[in-house]
There are 2 protein chains.
Amino acid sequence: MTDSPIPTNAPRPVIALGADHAGYPLKARIQALLEAAGYPLLDCGTFDTAPVDYPDFAAKVADAVGGGQARFGIVFCGTGIGVSIAANRDPRIRCALAHDTTTARLGREHNDANVLALGARTTGFAEAEDAVHAFLDAQFQGGRHIPRVEKLGRALIERI
Amino acid sequence: MTDSPIPTNAPRPVIALGADHAGYPLKARIQALLEAAGYPLLDCGTFDTAPVDYPDFAAKVADAVGGGQARFGIVFCGTGIGVSIAANRDPRIRCALAHDTTTARLGREHNDANVLALGARTTGFAEAEDAVHAFLDAQFQGGRHIPRVEKLGRALIERI
């Protein structure tokens, strides 16, 4: 018997976190949330609010998830737009930009998203926390969504 | 003197539109909005609500914008997530998934987005119409955003 909120038969997957300076405050908040919930974290930075370039940190998270060091990633910038563009450059990544629980959940259920993007300046702390839980608790629905997701893996860059 | 709302000294840029079956109703609505405003349109389909795969239609819009046939693109699916992932596979594209005027405007101002993604099942018609106007009326701010946008053009795929 234990007071831990984590069932011993349900180990938490590793989550990679990455943000630019605008996203850092929300990353710190989500980091605390996930640590309290028992998720092992891989913090890809940035680590303060000094200006940096969001593509660099989205790339670190994409590498962590694409390379198998983390099961999921969460990326943050002011709007979530910049990091979502950057993460989706990597054909191993399906990054869902969400602004509430519904879009976060549907990103997992329909698109098998392995990275969640959040806007630190456009989504409130409480909505973002709920969106993270919705994303991590949802399951890909498979079925008719499978061939569509497979097409996302064949990068359009091949056609240029 | 004319009743036209379009100043003759401000020709409208060509806009490419693309949607899956879930996004089709919003595409039809935005198509009517933009036609009334005098924008030349390139309709990449789909043309009804029969099920299709969203990556195919995002690819058509990406090719139209990346190839110069259209200045901007707007892509639609249920949440906007699937089409935004697909469009951003193309390194010529910076696709901003927006759910209101603020995120649509910031996608242009900060990320120099050339494609807007909207969720037909998660964003109302009125919000979507306002977001389209905000996107098309905004200007890229340049400055500190330039080197970040340039990094988006160097696809992460190169690093795999």
Side-chain angles (χ1 to χ4, degrees), chain A residues 20 22 51-56 58-59 62-63 66-67 77-82 84-100 102-111 113 115 117 119 121-123 144-145 147-160, chain B residues 20 22 51-56 58-59 62-63 66-67 77-82 84-100 102-111 113 115 117 119 121-123 144-145 147-160:
Chain A
D20 71 354
V52 293
D53 295 342
Y54 52 81
D56 298 336
D63 279 345
C77 63
T79 58
I81 292 170
S84 69
I85 296 173
N88 281 317
R89 294 302 197 221
D90 187 325
R92 304 170 300 182
I93 299 303
R94 292 174 300 278
C95 177
L97 173 53
H99 62 278
D100 58 16
T102 303
T103 48
R105 174 176 60 79
L106 289 170
R108 284 285 304 131
E109 289 183 350
H110 290 189
N111 308 106
V115 175
R121 292 174 176 166
T122 54
T123 303
R144 69 186 187 281
H145 301 292
R148 297 167 186 162
V149 167
E150 285 176 349
K151 287 185 179 183
L152 294 177
R154 298 195 287 279
L156 301 185
I157 193 174
E158 294 169 5
R159 304 168 56 247
I160 296 172
Chain B
D20 72 354
V52 292
D53 296 342
Y54 53 81
D56 298 337
D63 279 345
C77 63
T79 58
I81 292 170
S84 70
I85 295 173
N88 281 317
R89 294 300 197 221
D90 187 325
R92 304 170 299 181
I93 299 303
R94 292 173 299 279
C95 176
L97 172 52
H99 63 277
D100 59 15
T102 303
T103 47
R105 174 177 60 79
L106 289 170
R108 284 284 305 131
E109 289 184 351
H110 290 189
N111 308 106
V115 175
R121 293 174 175 166
T122 53
T123 303
R144 69 185 187 280
H145 301 292
R148 298 168 187 163
V149 168
E150 286 177 348
K151 287 186 179 182
L152 294 176
R154 298 194 288 277
L156 301 185
I157 193 174
E158 295 169 4
R159 303 169 54 245
I160 297 170

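In what follows, chains carry the letters A, B, and so on, assigned in the order in which the sequence lines appear, proteins first and then strands, with residues in each chain numbered from 1.
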Indicate yes or no: at least one non-hydrogen side-chain atom of B/Leu97 is less than 4.5 angstrom from one of A/Thr103.
-> no
Looking only at heavy atoms, what is the nearest atom pair of A/Asn88 and B/Arg89, with distance?
-> O-NH1, 2.7 Å
Is any side-chain heavy atom of B/Pro51 less than 4.5 Å from a side-chain heavy atom of A/Arg148?
-> yes
Distance from A/Asp100 atom CG to B/Thr122 atom OG1, nearest 0.5 Å?
-> 7.5 Å
Do the side chains of A/His110 and B/Thr79 get nearer than 4.5 Å, heavy atoms only?
-> no
Exercise: identify the closest heavy-atom pair between B/Leu152 and A/Pro55 | CD2-CG, 3.9 Å
CG (A/Asp53) and NZ (B/Lys151) are apart, to the nearest 0.5 Å, by 3.5 Å
Most heavy-atom pairs under 4.5 angstrom with chain A, which of B/Leu106, B/Asp56, B/Val149?
-> B/Asp56
Sorted by chain and number, sequence neighbours left out, side-chain contact (heavy atoms from CB on, under 4.5 Å) with B/Ala96 holds for A/Ile81, B/Ala113
Residue part contacting chain A, namely of B/Val52, when any heavy atom lies under 4.5 Å | backbone
